[in-house]
Amino acid sequence: MDKGLHFIFCVITTMLLLRESSQTGEKNDPKMLAASKSGTKRNDDAVSKGTDSRGPEEGLPTLTVTTILEDPYVMVRSAELEGYCIDLLKALAAMLHFGYKVKVVGDGQYGAVSSNGNWTGMIGEILRQEADIAVAPLTVTSAREEVVSFTTPFLQTGIGILLRKDTVSQEMSFFHFLAPFSKETWTGLLFAYVLTCFCLFLVARLSPCEWNEPKNEENHFTFLNSLWFGAGALALQGVTPRPKALSVRVIAAVWWLFTIALLAAYIANFTALLSSGSEQLPIQTFEDLVKQRKLEFGTLDGSSTFYFFKNSKNPIHQMVYEYMDKRRDHVLVKTYQEAVQRVMESNYAFIGESISQDLAAARHCNLIRAPEVIGARGFGIATTQASRWTKKLSIAVLKLRESGDLDYLRNKWWETSCLHKSRERWSPLQPQALGGLFLTLAIGLALGVIAAVVELSNKSRHAAGHVKKSCCSVFTEEMCTRLRIKENTRQSQETSGRANA
């Protein structure tokens, strides 16, 4: 038994010694050390040069991808590249099964024709075969399409104006309190007020419950008093005279309901006006930008936006181009970050891609994009014209769009930190929005007049039985007395004249 245990102990000890010896040999092997150090050095160099890579699996092709540093498309975070375009590239690589190596464009340009006729930026690197594809916020233009191929756009954009809120704000007009309602709405409100007061005056004279003895009593609901009664309701104040007849109370109740709803709509719209600041933005279009003299404006030097205005036949666009071309050394900027910084620190308006401006407005709450957007275009992936990857990448982009992945990436990288996330423009309240309210008021006025006529006809019917006259004649006489028809007034004047004679 002891011999058996001793044999097992010897075997276990031998195996442990052999294993330790094998591990020590691997650590001391110069070839393994060289490979390990070489791999570490390559990774460090890639990070320091602003590149990123995905090691290809065995048998998979590796593409060299050129891009440009621009928030949020490609950014350097913790010595690694990240952003919308990096996530898009990862998704495309997973779908099409390829490896990639990302490099930042050397001259920091997107791609334009230089003075010597050569292309700069990412387009130039693709033409010189320094890169296989360009995944960046690269606008698809006809000039670029002539020398390279583009995939289906992965982002749609246009040309907008980025402004700082305090540089374009203007003083409110003296009658700014009228802004919540449109001119048509104010006209309708004035007409409704006068008509309601007239109906109060008319019904108070016709109703016997309100004015029983026209010859002996004074009617307190004169037209001026009716106007005062209606104005008091607009201010939510109770005023005299107080209605006694049902017909007058119906009109008064409907007018009170109308004024309460109207005041609620006015206060809500006025609050929205003050919070939105829409009316304080005088630069709404490129025409407004050209006409003003307070702000300088420019775009990225050599960008597709600059050449859009250069080639446009629109007179306003030509004026924008002439302004930028004459002052190109002063108003044109080199990078997008420089443009945003200049907008924030000086009286400067930046003309560029609207989708990038939306991001700037989301990150910097004192910036805003003007409403007008022109020149609809898209960002595409650039490849060489003879590349076999163009169609594959286009199909992959379409699949990502159909699956909602592109929308997810847009929401992920365009998240705003500002409190005001809505970009809906404020507009004055139109009469159509209050159509039901005006209709209710009209129905109430009609019911009040009908009730007054019914009350007067009932009194005329009882009076006709006592004086033995027809109901119609008594009703007519009562109507003339209450409305003080001129003919009746003249007869009374003649009668009083004869009595005096």
Side-chain angles (χ1 to χ4, degrees), residues 38-57 60-111 120-126 128-139 148 150-151 153-155 157 300 303 334-341 352-353 355-356 358-360 362-363 379-383 387 389 393 396-397 400 405-415 417:
S38 176
T40 305
K41 183 177 181 181
R42 282 197 301 268
N43 290 338
D44 292 341
D45 291 342
V47 173
S48 64
K49 294 180 181 179
T51 62
D52 191 13
S53 62
R54 176 193 175 188
E57 298 178 6
L60 295 182
T62 302
L63 300 181
T64 301
V65 182
T66 181
T67 187
I68 191 170
L69 293 177
E70 181 177 331
D71 188 11
Y73 303 100
V74 180
M75 302 170 289
V76 179
R77 298 281 175 85
S78 302
E80 294 182 357
L81 295 179
E82 67 175 14
Y84 179 93
C85 290
I86 301 301
D87 287 352
L88 175 63
L89 183 59
K90 292 178 181 178
L92 294 174
M95 293 179 66
L96 301 179
H97 305 289
F98 65 84
Y100 59 84
K101 178 182 179 182
V102 182
K103 61 185 294 289
V104 178
V105 60
D107 58 5
Q109 300 293 319
Y110 291 87
T120 63
M122 292 177 282
I123 302 296
E125 290 189 351
I126 291 179
R128 295 189 298 269
Q129 296 185 352
E130 297 175 7
D132 298 311
I133 61 175
V135 182
L138 191 61
T139 306
V148 298
F150 279 97
T151 64
F154 56 86
L155 270 180
T157 182
L300 290 175
S303 63
K334 300 299 182 183
T335 63
Y336 180 78
Q337 290 77 9
E338 178 187 352
V340 174
Q341 194 69 20
E353 303 293 346
I355 193 169
S356 299
D358 289 338
L359 174 71
R363 299 284 175 84
F379 292 155
I381 300 174
T383 66
S387 175
W389 290 99
L393 290 171
V397 168
L400 291 175
D405 291 337
L406 294 184
D407 293 332
Y408 167 76
L409 292 179
R410 168 68 189 273
N411 295 332
K412 173 184 176 181
W413 293 104
W414 267 258
E415 184 179 2
S417 59

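Worth saying up front: this structure is predicted, and the values here are computed from it rather than measured.
Checked against salt bridge (charged side-chain N to carboxylate O under 4.0 Å, His left out), D87 has the following partners two or more places apart in sequence or in another chain: K412. Every residue two or more places apart in sequence or in another chain that forms a side-chain hydrogen bond (donor to acceptor under 3.5 Å, both in side chains) with T66 is listed here: E125. Legend: residues meeting side-chain contact (heavy atoms from CB on, under 4.5 Å) with A360, ordered by chain and number and at least two apart, are L162, Y336, V340, L367. For T67, the side-chain contact (heavy atoms from CB on, under 4.5 Å) test picks out V74, V102, A136, with sequence neighbours left out. Scored by the ring pair (Phe, Tyr, Trp, His ring centres under 6.0 Å) test, W413 finds no partners at all (sequence neighbours excluded). Here Y73 pairs with S356 under the side-chain hydrogen bond (donor to acceptor under 3.5 Å, both in side chains) rule; sequence neighbours left out. Applying the side-chain hydrogen bond (donor to acceptor under 3.5 Å, both in side chains) criterion to D407, with sequence neighbours excluded, gives no partner residue. Annotation: side-chain contact (heavy atoms from CB on, under 4.5 Å) contacts of T64 (sequence neighbours excluded): K103, A131, D132. Qualifying side-chain hydrogen bond (donor to acceptor under 3.5 Å, both in side chains) partners for E338, counting only residues two or more places apart in sequence or in other chains: none. When the salt bridge (charged side-chain N to carboxylate O under 4.0 Å, His left out) test is applied to D107, no partner is found at least two apart in sequence or on another chain.
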L300 and K334: side chain to side chain contact (heavy atoms under 4.5 Å, CB included), yes or no, with the steps?
CA-CA 6 Å; L300 290 175; K334 300 299 182 183; over 6 Å; no

Apply side chain to side chain contact (heavy atoms under 4.5 Å, CB included) to the pair W414 and L409, showing each step before the final yes or no.
CA-CA 8 Å; W414 267 258; L409 292 179; over 6 Å; no

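A distance of 10.0 Å separates CG of D405 from CG of L88, quoted to the nearest 0.5 Å. Note: L63 CG to F98 CZ = 5.5 Å, rounded to the nearest 0.5 Å. The CE atom of M122 sits 4.5 Å away from atom CG of L138, with the distance rounded to the nearest 0.5 Å. Remark: N411 CG to L406 CG distance equals 11.0 Å, nearest 0.5 Å. Annotation: the span from R410 atom CZ to D358 atom CG amounts to 6.0 Å, rounded to 0.5 Å. The distance from atom CG of L92 to atom SG of C85, rounded to the nearest 0.5 Å, is 10.0 Å.
Side-chain contact between P61 and Y100 is absent, with no heavy atoms from C-beta onward closer than 4.5 Å. Taking 4.5 Å as the limit, some side-chain heavy atom of L393 sits within range of a side-chain heavy atom of I133. Looking at heavy atoms from C-beta onward, I381 lies out of side-chain contact with W389 at the 4.5 angstrom threshold. Contact of the L69 side chain with the Q337 side chain is not registered, since no non-hydrogen atoms from C-beta on lie closer than 4.5 Å.
Nearest heavy-atom pair, P72 versus L359, reported as atom, atom and distance to 0.1 Å: CD-CD2, 2.7 Å. Of all heavy-atom pairs spanning V105 and G121, the tightest one is CG2-C, 3.6 Å. Taking each heavy atom of V148 and A382 in turn, the nearest pair found is CG2-CB, 4.3 Å.
Checking side-chain atoms of T120 against main-chain N and O of G111 turns up no donor-acceptor pair under 3.5 Å.
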